[in-house]
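Input: a single structure, listed below in structure tokens.
Start at 1 with the first residue, then count along the sequence.
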Amino acid sequence: MKVSFSRGLPLRILLFIVSLVLLVYFLPRTDKDHFIYEVNRPWRYALLTAPFDIPVHLDSVSAARVKDSIDTNFEPVYRRDLATEKTIVSDYTTRLNSTPGLDITPSQRNQIIRAIKQVYENGIVSREDYARMSSGELPAVRFVHDNVAISLPTSGYLSAFRAYEHLDSVLKDKNVRSALTATRLADVLQPNIFLDTVTTKRLLEEAYMKAMAPIDVKQQGERIVDEGELVTPLIASILDTYEEMAEERNTGKISQHHYPVAGQILYMAILLGALYCYLYFFRRDYFDSDRTVLFLMSVTVLFALFAFAVDATFRLGFFLVPFTMVPIMVVVFLDSRTAYFCHLIEVLICAILSTSPLEFIFMQFIAGVVAIDSLKDLSRRSQLLRTAALIFVAYSLCYISVEVIQTGTLANAEPRIFGTLGVNAILISFSYVLMFLMERVFGFTSRVTLVELSDTNNPLLRELSEKCPGTFNHSMAVSNLASAAALRIGANVQMVRTGALYHDIGKIKNPAFFTENQHGVNPHDALDPLQSARIVTDHVRDGLQMAEKSKLPQAIRQFIAEHHGAGKARYFYNTYCNAHPGETVDEAPFTYPGPDPQTRETSLLMMADSIEAASRSMHDHSPEAITALVNKIIDGQIAEGLHNQSPISFRDVQTIKDTFIQRLRTMYHSRISYPELKKSPQEKSTQA
């Protein structure tokens, strides 16, 4: 059923408000005023001069290079823990003197203690520090004494494990080594040289501050950057300092470039209102459909939120976002004009965040045009791959043109942008997955799905051809007849073709009760008209049950339900009336369940179905007889009111009639008889 404007108004207002709130709430914003610019791009504003003295710091690239140099050459500060050292030596001396069974002399004991003290005098560090020192990463460290830093080499430092190995190699006496093992010297040795993290961090920050000191000053009134001038890394550094100082001083000099929330609300409301106006004035059928309005608003808003998130996460986020997915979805399920408009609205919503809005709109507009034009008639998945490749080429050419216009050269072009655009194209190629999801969520049917369903190897069509060969041939003929007329009136040709193939699948349940499948025996001869009418009209209900079981799309089920509308099984109704003259006949048992056709496509199928069936019983196939048959059947359906709920026009009806007449005349044109080859008397005698 169609949703009228009056009943759908509250839903549309709610969708508008929810969409507006989501877009404004999730729109990335900053708490401070700022210019929108990009390094190595022209300055888009007027001449900017320094309103106060601005210190000039190194640009980000140079600053990073200086910091890397400081990190490479910086010597961390270590400290020696004398208390730990004395405690370890004292404890081990006690253990050495108190351990029984040691076969060493007092002189050897003193030798062990002196060796341990010497190791600690050289220094023991942690295993991690020793690894850095031995690899050459930390050739020297500093010690601070009385506020004086002394640099010392690290070549003599050992880890606890290496210190034990050193003692074991120095003390070569067998009894001494046995004493070291018995007293578990390896467990006693601990580091006495530690990293002084507090002092190291302080000195490193001081080195940073010294290196990052201003290298110049932009005096008040001095020129910073002028319109059209490239924003170099150094100018970008000055602008960052300017914005920070302006915020601290609260001068409000650049508030004109800020997007307040009120402006954002008005901006988004205008764009969403423009989309509503387009639907209301130019595609009223879409505006009156709850499903279609919900689809368009959901795709537009959710994709904008996705673009906001990607742009906030990645530096080149807008090059990564596959904006053309929106027009692809719309053109596949609706039409190209609506796809153009929705894509424009989507791009304008996101342009508010772009550092170069004009260039952004230009690139996305061209990419959208390429996507829509290349998918005007999507019927194969491979077309998406071709479209993705064309979009990549379009993006690349647009980027190159913008780069040359702005800088006059490609020297400043970023190669990774082309890589990002390649990822964008790969994401576009996965639109088929999103298309499948949209079909399930919103109940749309894409052309790709229709093409797949029209394959006669489909299980349901194969069963129809095996059990009901006559019905299958009838469906094929109706499909050809209806699709030819659909093309002439601008209806959905693939929808009509596929719907015609499935409209009679309910006859699979009782194939012998339908004339096209009978072979001399008619089972209706043994039944009264009421029983026959019930069996015939039930093929609609049976078809809907089979369609639901096979998960056919709702659009195809609509053809099954509406191809007879709420019309009558006229043969059995007339037979019953003739057999019961003077009685009031209940029409319900002879009436199809309906409903009447709701679309141009289902109206077209009803006409083609009746005419194709009736044409098979014609004996006179003259042009006059065919024209009379077509006019009689279609005019009768219109008079009966079967097409009253369909948007089909009188012009469409006349075009359909002309197409049917032309096709039927072609199908039933008279054929010439081939003459027999006459034989000569000699050939006859030879043959005899």
Side-chain angles (χ1 to χ4, degrees), residues 30-35 37-41 48 50-81 123 125-155 157 191 193-220 222 224-225 230-251 254 312-316 355 414 416:
T30 179
D31 294 332
K32 66 175 183 177
D33 297 340
H34 65 284
F35 289 109
Y37 63 90
E38 192 172 346
V39 178
N40 293 325
R41 297 285 182 182
L48 178 64
F52 40 76
D53 290 347
I54 303 175
V56 179
H57 298 276
L58 291 174
D59 61 82
S60 58
V61 177
S62 300
R65 189 181 301 115
V66 170
K67 284 187 176 182
D68 289 342
S69 177
I70 292 174
D71 292 338
T72 302
N73 300 312
F74 183 77
E75 294 179 353
V77 178
Y78 279 73
R79 61 182 175 84
R80 184 169 183 173
D81 192 345
V125 296
S126 66
R127 183 171 55 183
E128 294 77 10
D129 288 341
Y130 177 75
R132 295 177 61 196
M133 295 173 182
S134 60
S135 65
E137 182 182 347
L138 202 61
V141 296
R142 287 185 289 179
F143 290 87
V144 178
H145 182 67
D146 293 335
N147 292 327
V148 177
I150 303 173
S151 178
L152 296 176
T154 59
S155 57
Y157 295 150
I193 304 295
F194 299 96
L195 175 66
D196 188 343
T197 56
V198 175
T199 306
T200 298
K201 183 178 180 182
R202 177 174 59 82
L203 293 179
L204 185 60
E205 289 178 351
E206 290 176 358
Y208 284 161
M209 291 179 63
K210 184 177 180 181
M212 297 296 110
I215 59 176
D216 195 2
V217 175
K218 282 286 183 181
Q219 297 182 355
Q220 184 176 359
E222 187 177 353
I224 298 177
V225 63
L230 285 183
V231 180
T232 64
L234 182 59
I235 294 177
S237 176
I238 298 173
L239 291 172
D240 290 340
T241 305
Y242 167 47
E243 291 179 349
E244 292 174 2
M245 295 180 67
E247 183 185 12
E248 292 174 359
R249 292 166 176 253
N250 195 23
T251 59
I254 54 176
T313 305
F314 301 97
R315 175 176 170 268
L316 299 175
T355 56
E414 297 187 56
R416 58 180 161 178

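Legend: residues meeting salt bridge (Lys or Arg N to Asp or Glu O under 4.0 Å) with E75, ordered by chain and number and at least two apart, are absent. Not counting sequence neighbours, the partners of V144 by the side-chain contact (heavy atoms from CB on, under 4.5 Å) test are V77, A149, T199.
For P191 against F194, the heavy-atom pair with the smallest separation is O-CZ, 3.2 Å. The shortest heavy-atom contact between G123 and I193 is CA-CG1, 3.8 Å. For the pair A140 and S151, the tightest heavy-atom approach, listed with the atom from each and the gap, is CB-OG, 3.8 Å.
Shown here is R127, whose CZ atom has no more than 12 heavy atoms of other residues, nucleotides or ligands within 6.0 Å. Atom CD of E222 sits in a crowded spot, with more than 12 heavy atoms from other residues, nucleotides or ligands closer than 6.0 Å.
Put simply, OH on Y78 and CG on L152 are 13.0 Å apart, with the number rounded to the nearest 0.5 Å. Taking CG from L195 and CG from D129, the interatomic distance works out to 6.5 Å, rounded to the nearest 0.5 Å. The distance from the CZ atom of R80 to the CG atom of D196 is 15.5 Å, given to the nearest 0.5 Å.
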Full working for side chain to side chain contact (heavy atoms under 4.5 Å, CB included) between Y157 and V141: CA-CA 11 Å; Y157 295 150; V141 296; 4.1 Å; yes
Side chain to side chain contact (heavy atoms under 4.5 Å, CB included) between L204 and D71, intermediate numbers included: CA-CA 8 Å; L204 185 60; D71 292 338; 4.0 Å; yes
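Although no hydrogens or angles enter the test, the distance criterion places no donor-acceptor pair under 3.5 Å between the side chain of T154 and the main chain of M133.
Listed by first and then second residue, the salt bridge (charged side-chain N to carboxylate O under 4.0 Å, His left out) pairs that reach into residues 132-143 are R132-E137, sequence neighbours excluded.
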